[in-house]
There are 2 protein chains.
Amino acid sequence: MARLAAAAKKAPSGHQVTPATPPWDVYSAACPTRLVLDRLADKWALLILGRLAGGPIRFNQLRRQIEGVSQKVLSQTLKRLERDGLLSRRVVPTVPVTVEYAITPLGRTLSDTVRALARWAEANIESVLAAQAAYDAAQTSRATT
Amino acid sequence: MARLAAAAKKAPSGHQVTPATPPWDVYSAACPTRLVLDRLADKWALLILGRLAGGPIRFNQLRRQIEGVSQKVLSQTLKRLERDGLLSRRVVPTVPVTVEYAITPLGRTLSDTVRALARWAEANIESVLAAQAAYDAAQTSRATT
DNA sequence: CTGTATCCAAAATGATACTG
DNA sequence: CAGTATCATTTTGGATACAG
């Protein structure tokens, strides 16, 4: 992942215009789809997208609502999502400026899919926890033996 | 995330049996669903799950097919997925032992959702790349000015 | 073949301080 | 309010060597 991430981060300067002729081999390292998947494979991104699907929201509101995210990471993540065209950033020139983040049409198509993921998690969390308990029990007994 | 991940990793000994009474507040740090989401927010996990959906496969086959993953990370990821009950591990006692990984029924229900994510990525990669290019162009010009 | 253990380099994060 | 910059720390990952 290191090399890929590095390449992606260098992008701000050189926009490598990938040929783009799907379908790609998702398992090949050079696959553009993997770049997208990498982006989505982010805890905060998923959470933020889900939250924004409910309507526009300001920076610190978001910060408070998504428990556990630091200012720095939230800022970084928002910037990446904006760059990807998944959300929009609008500066409201009030006295202490406020910034409103909103999901874009593109982002919304994605958030629907993400919600499906969240629904899966909710529906199956118990099964997963049970599986973990069973696995851990097996490990523990093996260690004891 | 650090604290949560650490807590999750300590689990092998103490299985905290979460009460489990949905729906939880996905945005709260203590939410079990977030534990699942964290797990899915992993590049390799998503890729592996997708690959396994196509049928059982051995360790080194997987390693070769999922380009860019190291032996160490693949091993770790497989172990976590197995613990979560998403895939099964079967040791075949051939002379140099071979190990076959297969998706479980639970894992399959998830892989369907993941596939939707992959489909989204394929369908929208061009939009994302375009958005990135536009964003970068705006940044560059702003810097030049 | 399928891993685990170790050591080392790289990357992500948190805390803090500071700007517009 | 909404960030950015910096620094110390933690976490993660790759490479290598080795074991069942």
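The structure displayed is predicted, hence computed values, not measured ones.
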Of all residues at least two apart in sequence or in a different chain, which pass the salt bridge (Lys or Arg N to Asp or Glu O under 4.0 Å) check with Arg63(A)? none
Stretch residues 74-81 of chain B: residues that reach within less than 4.0 Å of DNA chain C through a heavy atom: Ser75(B), Lys79(B)
Send over the distance from Asp42(B) CG to dA12(C) P, rounded to a whole Å. 14 Å
By salt bridge (Lys or Arg N to Asp or Glu O under 4.0 Å) - contacts of Arg51(B) (at least two apart): none
Within the distance-only criterion (no hydrogens, no angle test), does the side chain of Thr113(B) pair as donor or acceptor with the backbone N or O of Ala116(A) below 3.5 angstrom? no
For Trp44(B) and dG13(D), give me the distance from atom CH2 to atom C1', rounded to whole Å. 11 Å
Below 4.5 Å, heavy atoms only, C-beta onward: do Asp42(A) and Arg80(A) meet side chain to side chain? yes
With Tyr101(A), which residues qualify under side chain to side chain donor-acceptor pair (under 3.5 Å), at least two apart? Arg89(A)
Check nucleotides 15-20 of chain D for protein N or O atoms closer than 3.5 Å to its own N or O atoms and list the pairs.
none

Bend angle of the helix from dC1(C)-dG20(D) to dG20(C)-dC1(D) from five-pair axes at both ends, rounded to 10°? 50°
Nearest whole Å is fine: how far is dG3(C) P from Arg90(B) CZ? 13 Å
Applying side chain to side chain contact (heavy atoms under 4.5 Å, CB included), name anything that partners Ala102(B), two or more places apart in sequence or on another chain. Pro56(B), Ser88(B)
Do Phe59(A) and Leu62(A) touch side chain to side chain, with heavy atoms closer than 4.5 Å? no
Nearest-angstrom distance from the residue atom CG of Asp38(A) to C1' of dA12(C): 15 Å
Please give me every residue in residues 49-63 of chain A whose heavy atoms get under 4.0 Å of an atom in DNA chain D, ordered by residue number. Arg58(A), Phe59(A), Asn60(A)
With sequence neighbours left out, what residues match Arg115(A) under salt bridge (Lys or Arg N to Asp or Glu O under 4.0 Å)? Asp112(A)
Any Leu106(B) side-chain heavy atom under 4.5 Å of Trp120(A) side chain: yes
Going by side chain to side chain contact (heavy atoms under 4.5 Å, CB included), name the residues that satisfy it together with Ala138(B), two or more places apart in sequence or in a different chain. Arg142(B)
Is the shortest side-chain N/O distance from Tyr101(B) to OP1 or OP2 of dC1(C) below 4.0 Å? no
Any side-chain hydrogen bond (donor to acceptor under 3.5 Å, both in side chains) involving residues 68-77 of chain A? Give me the pairs, sequence neighbours left out, ordered by first then second residue. none
Residues two or more places apart in sequence or in another chain: which of them pass salt bridge (Lys or Arg N to Asp or Glu O under 4.0 Å) with Arg90(A)? Glu100(A)
If you take all heavy atoms of Ser111(B) and Ile103(B), which pair is closest and at what distance? CB-CD1, 3.8 Å
